[in-house]
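Here is the structure we will look at, set down as structure tokens.
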Amino acid sequence: MQSGFPEHPRDFLDTQHWSRPALDALLACAAAFKRERFGDDLRGKTIALVFFNPSLRTRSSFEIGAFQLGGHAVVLAPGKDAWPIAFDPGAVMDGDAEEHIAEVARVLSRYVDLIGVRAFPKFLDWAQDRKDAVLRGFAKYATVPVINLETIVHPCQELAHILALRERLGTDDLRGKKYLLTWTYHPKPLNTAVANSALSIATRYGMDVTLLCPTPEYVPDARYMQRAADNVAMHGGSLTVSHEPHEAYRDADVVYAKSWGALPYFGRWEQERPIRDAHRHFIVDEAKMALTNRAAFSHCLPLRRNVKATDGVMDSPDCIAIEEAENRLHVQKAVMAELARDSGLGARDSGHGARG
Ligand code: CP
């Protein structure tokens, strides 16, 4: 890792907490790791990967990335192969949870140099889920850096996405590119994290962003819409909401697809189903892609073929989803290497208190 890395927070919870120079430094480091996979940036260091939800890419790329830098990863699934955890302050723990985050995060901090956490919403009450209590609990009590492996945003995916776009479009300067984030049909309501993240990072990098979704109910949380508007004010570009696919796809340079649940229907998903079912035609297909400026197409994966995007789109030379998935490995190595640089036993506080 290069010296003189721009100042940044202890944790990697949300790209919006990191300055543009710091994000650009991570991307430069990731590009270097893509050229030369092996290093000793994590020699003798360890990361705990705490998964409350399934994963293919995140788990494998973090484990392999730690190995390639000389470190070691341990994977834990609370409630499955580790004790269930309580997060509420002052909880009377007479339910399923066997231990509290106050102990879990501080104990892990005595063993490892980094902690990664994946914790999706519970999909019952968005007012609760938007507090991101699991990730915040780890960040509060851990005395080592915490990395968000996807909660209500997916910052590692954001970095992989931007690196893939830079590679595909042949420039680090994405300003002025026409970026379409399109909702797609999926039989189940999914997490809004990637939609929140795509809006955040695309506006942060100055693109002209269009959000395409079936109805106003599918517009993400006001927090992320306001953030995107603030980013436009600071970095240029634009933000438009559309419910009309043909208009939204026209002349796009980038098409990023994702499905997500409509926030007003959290906890009563049967009432959302008729709206969702009426918008199966939001699938990304060759006819819609033909309206674009030969756009790069991507998706965070996993993706249901011929439901979210057709075989023709997925197998097209314009699909960069596999490249983006590969980039997860490289960007996460950059994140781990940078955060671990000042982490470790010598850098820890006494571990007795919680951070505010
Ligand atoms: N994109 C992504 O995070 O993939 P996994 O859910 O497989 O980790």
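For the numbers below, each heavy atom of this structure counts, side chains included, while hydrogens, waters and symmetry mates do not. As the structure lists them, so they are numbered: ligands from 1, and atoms in each ligand from 1.
Side-chain atoms of Phe282 and Leu212, non-hydrogen and from C-beta on, do get closer than 4.5 Å to each other.
Other residues, nucleotides and ligands place no more than 12 heavy atoms under 6.0 Å from the CZ atom of Arg136. Atom CZ of Arg59 is surrounded by 12 or fewer heavy atoms from other residues, nucleotides or ligands within 6.0 Å.
Ion pairing between Arg268 and Glu272 fails under the 4.0 Å rule for side-chain N and carboxylate O. A salt bridge does not link Arg168 with Asp253: every distance from a Lys NZ or Arg NE/NH1/NH2 to an Asp or Glu carboxylate oxygen is 4.0 Å or more.
Taking the centre and axis of the six-membered ring of Tyr185, the NZ or CZ atom of Arg280 falls inside the cone set by 45° and 6.0 Å.
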Provide, line by line, the atom pairs where ligand 1 and the protein bring an N/O atom each to a distance under 3.5 Å; else say none.
from	atom 1	to	atom 2	distance (Å)
ligand 1	1 (N)	Gln157	OE1	2.9
ligand 1	1 (N)	Cys300	O	3.0
ligand 1	1 (N)	Leu301	O	2.8
ligand 1	1 (N)	Arg328	NH1	3.4
ligand 1	3 (O)	Thr58	OG1	3.1
ligand 1	3 (O)	Arg118	NH2	2.9
ligand 1	3 (O)	His154	NE2	2.8
ligand 1	3 (O)	Arg328	NH1	3.1
ligand 1	4 (O)	Arg57	NE	2.9
ligand 1	4 (O)	Leu301	O	3.4
ligand 1	6 (O)	Arg118	NH1	2.9
ligand 1	7 (O)	Leu56	N	2.7
ligand 1	7 (O)	Arg57	N	2.9
ligand 1	7 (O)	Arg57	NE	3.2
ligand 1	7 (O)	Arg57	NH2	3.0
ligand 1	8 (O)	Ser55	OG	2.6
ligand 1	8 (O)	Thr58	N	2.9
ligand 1	8 (O)	Thr58	OG1	2.6
ligand 1	8 (O)	Arg118	NH1	3.4
ligand 1	8 (O)	Arg118	NH2	3.3

